[in-house]
Engineer: 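Sharing a structure here in structure tokens format.
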Amino acid sequence: MELKNKKWTHDEFYATREEVLTHWPTGKEVDFAEAVKYHENIPAKRHFAKRLVKAKKNGETLTQPRAGVALIDEHINLLNFLKTEGEADLLPSTIDSYTRQNQYKEAQNGIEESLKAGRSLLNGFPAVNHGVAGVRRVVESVDAPLQVRHGTPDARLLGEITIAAGYTSYEGGGISYNIPYAKSVSLEKTIYDWQYCDRMIGIYAEHGIEINREPFGPLTGTLVPPSVSHAVAIIEGILAAEQGVKNITLGYGQCGNLIQDIAAIRALEQLAEEYMNKHGYNGCVLTTVFHQWMGGFPQDEAKAFGVISWGAATAALAKATKVIVKTPHEALGIPTKEANAQGLRTTKQMINMLKDQAFPLTSELELEINIIKAETRCILDKVYELGGNDYAVGAVRAFEAGVLDVPFAPSKFSLNKILPARDNNGAVRLFDVGNLPFTPDLVAFHQDKMAERARAEGRSASFQMVIDDIYAISKGNLVGRPR
Ligand SMILES: CCC[C@H]1O[C@@H](n2cnc3c(N)ncnc32)[C@H](O)[C@@H]1O
């Protein structure tokens with residue numbers, strides 16, 4: 001396996017596909033020609049890419065939950081409940097953890113145990129075991145655009161089955177579904193395997209079927225600086241475009257300071273266009289997704305609704321194309337369908353009240369946009385250089401060197417040298433920039449911001465601030481002030 005950011009030939013793809021479809025018996029159900037025909041008859045209102053394009057044109061911010069249960073009928077009921085009671089614009093199927101680790105035997109046990117227990121004993125929808133026929137029952141029974149959401153380092157068979165069944169969007173990427181989700185899975189392997197997923201979608205595109213791809217923006221969801229998640233998002237967008245993907249949603253996890261979060265979405269839109277065009281992928285339609293706070297949540301449901309509302313308001317003011325919605329059960333575990341629908345309605349109310357308001361381009365907002373763009377450029381350009389003008393090779397080498405570094409990542413391939421903490425206004429800064437290739441003025445900017453907070457709190461900038469900030473929101477605040 002020689003990794004390079006180059007479009008796979010049909011021969012390379014089909015040779016690999018033969019093997020991929022043997023990973024579980026349901027792989028035999030995948031019939032590409034039949035799938036293309038099926039997709040041709042999916043109406044625009046149930047087509048993810050078309051619905052996103054319409055939202056971008058109309059300046060809408062669409063709502064989407066996470067949701068998934070073990071059995072097909074219950075999963076259908078859940079999704080329809082979230083559409084009718086939650087007013088969700090877009091629907092997911094969140095895949096269970098066994099399937100994410102390619103443990104299909106265990107997933108099968110989970111299905112059988114759930115049947116016996118009469119309730120879901122899996123933390124998501126085991127799509128590979130249900131197979132094309134089973135997953136297609138969901139597609140036929142839910143009148144909304146459907147996306148596969150998961151966290152799968154080797155997502156090749158999952159993608160073949162769910163897209164053949166009629167799903168029209170696929171989340172993930174070779175970096176964003178490795179570094180935050182795996183401990184010792186090689187980055188080279190996951191970037192290579194995700195080239196397969198993207199090439200598959202590129203081949204659907206060659207047959208006129210446009211499937212949306214969404215790299216997983218938030219990464220570890222714990223104080224990830226915008227420039228770090230933007231660099232990964234844009235690299236995964238470029239890798240997908242190289243394989244023929246034409247419709248890409250780039251994502252970002254809310255940090256909590258309004259100016260920084262709005263700036264992050266603006267900077268992401270501008271930089272993605274700039275880099276995709278620079279590398280010749282101007283045929284790609286780009287949209288954005290804002291994830292409501294991905295860190296620890298308050299147990300108290302009323303406070304949880306406050307966090308959800310803040311994420312909804314920020315997504316609306318940032319004019320993100322869609323927002324991924326949290327629930328008041330976030331601190332407890334898998335939400336009930338009622339709690340999930342409540343998070344969606346709270347979000348919808350905030351978006352509706354803000355859709356006629358625009359956030360002004362203040363000097364603070366402009367500064368923040370410029371800082372995020374400058375930092376992200378430093379990282380992207382260094383990755384490209386390390387890879388000898390190849391982002392796939394560059395990404396692997398960048399993680400080895402700490403040029404790409406994701407805070408609190410379980411993967412042993414992330415150096416975990418950078419240390420984020422909030423500044424005195426709650427924006428996420430870097431207490432330690434690690435080996436990020438920032439120019440001296442950018443390093444100084446972060447140092448000054450941390451010094452400003454240290455002075456205000458009467459304590460020196462320290463790792464304690466990082467710890468305080470990790471728990472702050474679940475304890476009812478944004479900045480982890482000393483007790
Ligand atoms: C990025 C993944 C973390 C988020 O994903 C939610 N999540 C995971 N699995 C399910 C599920 N089966 N149904 C509804 N939400 C789910 C968690 O709560 C958390 O917010």
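All values below were derived from every heavy atom in this structure, side-chain atoms included, with hydrogens, water molecules and symmetry-related copies excluded. We count ligands from 1, going down the list as the structure has it; atoms in each ligand are counted the same way.
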Engineer: Please produce the table of protein N or O atoms sitting under 3.5 Å from N or O atoms belonging to ligand 1, one pair a line, distance to 0.1 Å.
Structural biologist:
from     : atom 1 : to     : atom 2 : distance (Å)
ligand 1 : 12 (N) : Gly68  : O      : 3.0
ligand 1 : 12 (N) : Asn123 : O      : 2.9
ligand 1 : 18 (O) : Glu330 : OE1    : 3.0
ligand 1 : 20 (O) : Lys326 : NZ     : 2.8
ligand 1 : 20 (O) : Glu330 : OE1    : 2.7
ligand 1 : 20 (O) : Glu330 : OE2    : 3.1

Engineer: Just by distance, no angles: are the side chains of Thr287 and Thr249 close enough, under 3.5 Å, to form a donor-acceptor pair?
Structural biologist: yes
Engineer: Dump the intermediate steps for salt bridge (Lys or Arg N to Asp or Glu O under 4.0 Å) on Glu269 and Lys319, then the final yes or no.
Structural biologist: CA-CA 11 Å; Glu269 286 165 346; Lys319 301 233 174 284; over 6 Å; no
Engineer: So if I apply the ring pair (Phe, Tyr, Trp, His ring centres under 6.0 Å) rule between Phe216 and each of Tyr181, Tyr170, Trp194, which one comes out positive?
Structural biologist: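 The ring pair (Phe, Tyr, Trp, His ring centres under 6.0 Å) with Phe216 is passed solely by Tyr181 among Tyr181, Tyr170, Trp194.
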Engineer: Has the side chain of His150 got a donor or acceptor atom that lies under 3.5 Å from a matching backbone atom of Glu171?
Structural biologist: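 Yes; at least one donor-acceptor contact below 3.5 Å.
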Engineer: Check the orientation of Tyr252 and Phe290. Use parallel for under 30°, tilted for 30 to 60°, and perpendicular for over 60°.
Structural biologist: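 Taking Phe290 first and then Tyr252, their aromatic rings sit tilted (interplane angle of 30° to 60°).
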Engineer: Check the side chains of His23 and Glu160 for a donor-acceptor pair under 3.5 angstrom, ignoring hydrogens and angles.
Structural biologist: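 Short answer, no.
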